[in-house]
Amino acid sequence: MQPKARATLSPEAKAAAFADLRQRAMACVKCPHLAASRKTVVFGVGDINAQLMFIGEAPGADEDEQGEPFVGKAGHLLTRVIETMGLKRDSVYIGNILKCRPDTPGQSTGNRKPTPEEMKTCIPYLHEQIDLIQPRVLVALGGTAAEGLLGRAVYITKMRGQWHSYRGIPLMLTYHPAYLLRNQALSEKRNHWEDMLQVMQKLGLTISEKQKGYFRGR
Ligand code: URA
């Protein structure tokens, strides 16, 4: 689906529209089971004028506790990746398809995948975030996020590294950092890094020889 044509807002109007969106999302009870189980709504974090936006699937326990996306172990890896790209975490925007942690009734630990229904219910908030921020590049982190965005099955090991278009913006599919923590193969780190090099290239960022060489097998 293409975004509605939007006249460029003044910085003040954009900040006000973003604050309004945040307020609506923070009070959302469209999924009563998630509204009942969450500690916080995890709206998103970063620069609302960012050129680059990362999209994950849903908050986990750490994010639900702290109210910020990607603050657990996977989040630390994402922050390292962003910094290895020569950027700062607060210069990009990080959000999720689902703003609430998927509930896990009867379980005290662990996460579950958001359901297609939950993603469909929540994604309009992400659309508004994307349409207000208007980043130059989107990155979907992992198969579930990619499925939520593209609305079809995604085999991330096959489809990573490919460009798509989402709401008129180039979208790169890549691995979720949690996958890279589970799978320590150098080849997978390199694959993920190659995706990030493509993102850097698309953004017109300077890529050093050192950056080009990361995770190349000897
Ligand atoms: N995984 C996600 O997809 N999003 C988060 O915010 C944290 C972990």
Side-chain angles (χ1 to χ4, degrees), residues 21-22 25-26 28 31 34-35 37-48 50 52-83 87-104 107-130 133 135 137-151 153-157 159-160 164 166 171-183 188-189 192 195-196 199:
L21 171 60
R22 185 188 179 88
M26 297 307 283
C28 183
C31 302
L34 301 186
S37 62
R38 74 187 177 214
K39 288 191 177 136
T40 52
V41 173
V42 181
F43 177 68
V45 73
D47 186 351
I48 65 167
L52 175 57
M53 181 166 175
F54 289 91
I55 302 168
E57 57 182 71
D62 293 317
E63 291 76 22
D64 183 46
E65 194 74 49
Q66 295 181 46
E68 181 172 328
F70 285 98
V71 289
K73 279 190 195 147
H76 290 153
L77 178 55
L78 176 62
T79 302
R80 269 188 10 237
V81 169
I82 292 167
E83 288 171 353
L87 303 171
K88 291 206 161 65
R89 182 175 158 105
D90 62 8
S91 73
V92 303
Y93 196 88
I94 306 173
N96 282 308
I97 296 190
L98 228 66
K99 308 298 189 229
C100 293
R101 182 182 184 214
D103 60 345
T104 52
Q107 255 176 258
S108 56
T109 56
N111 293 315
R112 71 159 170 86
K113 262 175 81 158
T115 64
E117 188 59 34
E118 287 166 343
M119 290 201 276
K120 218 170 116 197
T121 304
C122 203
I123 210 164
Y125 293 120
L126 181 70
H127 289 167
E128 286 196 60
Q129 287 174 305
I130 293 171
I133 296 171
V137 174
L138 296 167
V139 175
L141 296 167
T144 306
E147 282 181 13
L149 295 176
L150 299 179
V154 169
Y155 302 95
I156 196 70
T157 46
M159 290 170 68
R160 57 139 283 277
H164 292 256
Y166 192 73
L171 166 70
M172 169 58 60
L173 309 188
T174 193
Y175 289 138
H176 193 286
Y179 168 79
L180 294 168
L181 290 174
R182 288 195 305 274
N183 185 335
E188 291 294 58
K189 290 189 170 95
H192 172 66
D195 303 343
M196 295 304 96
V199 167

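Order of listing sets the numbers, starting from 1, for every ligand and every atom in it.
- The two residues T174 and I156 have their closest heavy-atom pair at O-CD1, 3.5 Å.
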side-chain contact (heavy atoms from CB on, under 4.5 Å) between D103 and R112, worked out: CA-CA 7 Å; D103 60 345; R112 71 159 170 86; 2.5 Å; yes
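- By the criterion of a heavy-atom distance under 4.0 Å, the side chain of E63, and not its backbone, is placed next to ligand 1.
- For the pair K99 and L126, the minimum side-chain heavy-atom distance is below 4.5 Å.
- Distances below 4.0 Å separate heavy atoms of G56 from the following atoms of ligand 1: 3 (O).
- Within ligand 1, the atoms closer than 4.0 Å to a non-hydrogen atom of P69 are 6 (O), numbered from 1 in the order shown.
- Neither the backbone nor the side chain of A74 comes within contact range of ligand 1; no heavy atom lies under 4.0 Å.
- Considering only non-hydrogen protein atoms, atom 5 (C) of ligand 1 sits nearest to A58 O, 3.3 Å.
- Of all non-hydrogen atoms in F70 and L78, the two that sit nearest each other are CG-CD2, 3.7 Å.
- Note on ligand 1: H176 sits in its first shell, one or more heavy atoms being nearer than 4.0 Å.
- The proximity of A178 to ligand 1, defined as any non-hydrogen pair under 4.0 Å, does not occur for either the backbone or the side chain.
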Do R101 and K39 pass the side-chain contact (heavy atoms from CB on, under 4.5 Å) test, and can you show the C-alpha distance, the side-chain angles, and the key distance before you say yes or no? CA-CA 9 Å; R101 182 182 184 214; K39 288 191 177 136; over 6 Å; no
For side-chain contact (heavy atoms from CB on, under 4.5 Å), just list the numbers for T144 and M119, CA-CA rounded to whole Å, side-chain angles, deciding distance to a tenth of an Å, and then say yes or no. CA-CA 10 Å; T144 306; M119 290 201 276; 4.0 Å; yes
